[in-house]
Protein chains: 2
Amino acid sequence: MKLTNKGRYAVMAMADLASNAKDGPISLTEISLRQNISLAYLEQIFLKLKNNKLVRSSRGANGGYVLEKPASEIKLSNIIYAVDEEVKTLNCKKNSKRGCNNKSTKCITHNLWDQLDQHIIGFFEKVKLQDLAKLG
Amino acid sequence: MKLTNKGRYAVMAMADLASNAKDGPISLTEISLRQNISLAYLEQIFLKLKNNKLVRSSRGANGGYVLEKPASEIKLSNIIYAVDEEVKTLNCKKNSKRGCNNKSTKCITHNLWDQLDQHIIGFFEKVKLQDLAKLG
DNA sequence: AGGAATTCCTACTATTTTAGTAGGGATTAA
DNA sequence: TTAATCCCTACTAAAATAGTAGGAATTCCT
Ligand code: FES
Ligand code: FES
């Protein structure tokens with residue numbers, strides 16, 4: 001089980017944004033340098049963060065991004081979800097009639113994975129961007 | 001974030017073993033049919049389960065596998081660990097001096113992922129093979 | 001006005017991981 | 001002796017991830 005770089009980067013970048021807040025917006029170049037993440041990759045990630053209303057952008061020279069909401073109101077689950085990192089422990093389609101074994105009943109472990117999902121989602125729901133400073 | 005088939009299969013197969021216990025050992029062919037998992041793939045998985053002392057094998061005709069310990073004493077973490085499904089949320093090497101950002105300090109999110117690890121491992125530690133019957 | 005910095009967007013490629021196949025050897029029950 | 005079964009390793013195919021590339025649009029600054 002793993003969490004991919006995209007999700008990690010997204011959280012790192014958001015944390016960077018939160019903790020390096022200044023007057024104007026923060027450019028991806030800055031974040032790229034501080035966090036050692038490829039600029040082009042960051043751009044892709046921020047596109048999604050923006051579409052999910054987690055950051056606001058300003059274009060042009062001196063442009064960049066700022067958090068759309070206070071760090072205390074942004075849950076990690078929001079970030080993870082925004083970049084398509086799904087918590088996906090189930091094998092079968094959630095709403096399919098068929099189980100992962102292709103039979104009409106759910107497999108013996110189905111409920112287990114379902115519970116694990118809840119467990120992990122719970123974690124991401126509980127932690128706010130703001131908490132990262134305390135953790136770190 | 002996802003859990004891979006190998007881990008799922010391992011748990012399924014162990015659960016199958018536990019709930020279909022009979023007099024003699026259970027062959028992989030049986031499990032393969034019941035759980036709809038390729039036989040050759042199951043063989044690979046059971047090799048690991050055996051090396052980790054979770055099952056015992058008997059070879060030859062009518063051979064197969066039995067649980068090495070009662071289902072109440074087998075933790076899911078044992079199974080997951082046996083088949084190399086690691087809970088791996090950290091990016092950096094656990095014992096490396098360098099962070100995932102290749103700097104000498106840990107990145108802002110390091111502790112977060114560390115906590116998530118603990119959270120997930122905790123789940124797997126808590127659930128026993130036996131509990132699967134109740135969940136299912 | 002012109003150039004530099006920056007976001008925006010899409011498409012492509014490379015790398016890594018996962019999933020699964022293949023094949024042959026060893027062992028044992030009937 | 002034969003069929004069923006485990007044992008073991010190597011290979012291949014498919015999918016997911018990570019990252020690159022390139023160009024358009026916008027805005028600031030001189
Ligand atoms: S995970 Fe849903 S049926 Fe197996
Ligand atoms: S995850 Fe350990 S330093 Fe970033």
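So you know, we letter chains A, B, ... as the sequences are listed, proteins then strands, and number each from 1. Everything quoted here is computed from the prediction, not taken from an experiment.
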OP1 or OP2 of [N] less than 4.0 angstrom from a side-chain nitrogen or oxygen of [X], does that happen here?
X: A/Y9; N: D/dA18; result: no
X: B/Y65; N: D/dC7; result: yes
X: B/S38; N: C/dT21; result: yes
X: A/K50; N: C/dC8; result: yes
X: B/S57; N: D/dT5; result: no
X: A/N5; N: D/dT17; result: no
X: A/N62; N: D/dT27; result: no

How long is the line joining [atom1] of [X] and [atom2] of [N], in whole Å?
X: B/K48; N: C/dT18; atom1: NZ; atom2: P; result: 11 Å
X: A/L39; N: C/dA4; atom1: CG; atom2: C1'; result: 15 Å
X: A/N36; N: D/dA18; atom1: CG; atom2: P; result: 16 Å
X: A/I45; N: C/dC8; atom1: CD1; atom2: P; result: 14 Å
X: A/R8; N: D/dA18; atom1: CZ; atom2: C1'; result: 11 Å
X: A/L47; N: D/dA25; atom1: CG; atom2: C1'; result: 14 Å
X: A/R56; N: C/dT6; atom1: CZ; atom2: P; result: 19 Å
X: A/L28; N: C/dC9; atom1: CG; atom2: P; result: 13 Å

Next item on the list: Would you kindly compare A/F46 and B/Y41 by the position of their nearest DNA chain C nucleotide and give the one closer to the 5′ end?
Entry: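 Whichever sits nearer the 5' end wins; that is A/F46.
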Check: Which comes earlier along DNA chain C counting from the 5' end, the contact point of A/Q44 or that of A/A61, where each point is its nearest nucleotide?
Finding: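 Result of the comparison: A/A61.
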Margin query: Tell me if a side-chain donor or acceptor on B/S32 pairs with a main-chain N or O of B/S38 at a distance below 3.5 Å.
Written below: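 Side chain of B/S32 to backbone of B/S38, a donor-acceptor pair under 3.5 Å: no, none is there.
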Check: Is a donor on one side and an acceptor on the other found under 3.5 Å between the side chain of A/H119 and the backbone of B/H119?
Finding: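 Yes, the answer is positive, given that a donor and an acceptor are paired below the 3.5 Å cut-off.
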Item checked: Verdict with reasoning, A/V127 to B/L116, per side chain to side chain contact (heavy atoms under 4.5 Å, CB included) -> CA-CA 10 Å; A/V127 182; B/L116 178 56; over 6 Å; no
Checklist line | Over 12 non-hydrogen atoms of neighbours within 6.0 angstrom of OH in B/Y9 | finding: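 Check passes, neighbour count above 12.
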Next item on the list: Let me know, please, whether A/K6 or A/S58 comes out on the 5' side of the other along DNA chain D by nearest nucleotide.
Entry: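 Checking each residue's closest nucleotide, the 5'-ward one belongs to A/K6.
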Next item on the list: Could you give me the CA-CA distance, side-chain angles and deciding distance for A/C100 and B/R8, then say whether side chain to side chain contact (heavy atoms under 4.5 Å, CB included) is met?
Entry: CA-CA 10 Å; A/C100 62; B/R8 272 192 291 257; 6.0 Å; no
Next item on the list: Determine whether any donor atom in the side chain of A/R59 lies under 3.5 Å from an acceptor atom in the base of C/dT7, or the reverse, and answer yes or no.
Entry: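 Such a pair exists between side chain and base.
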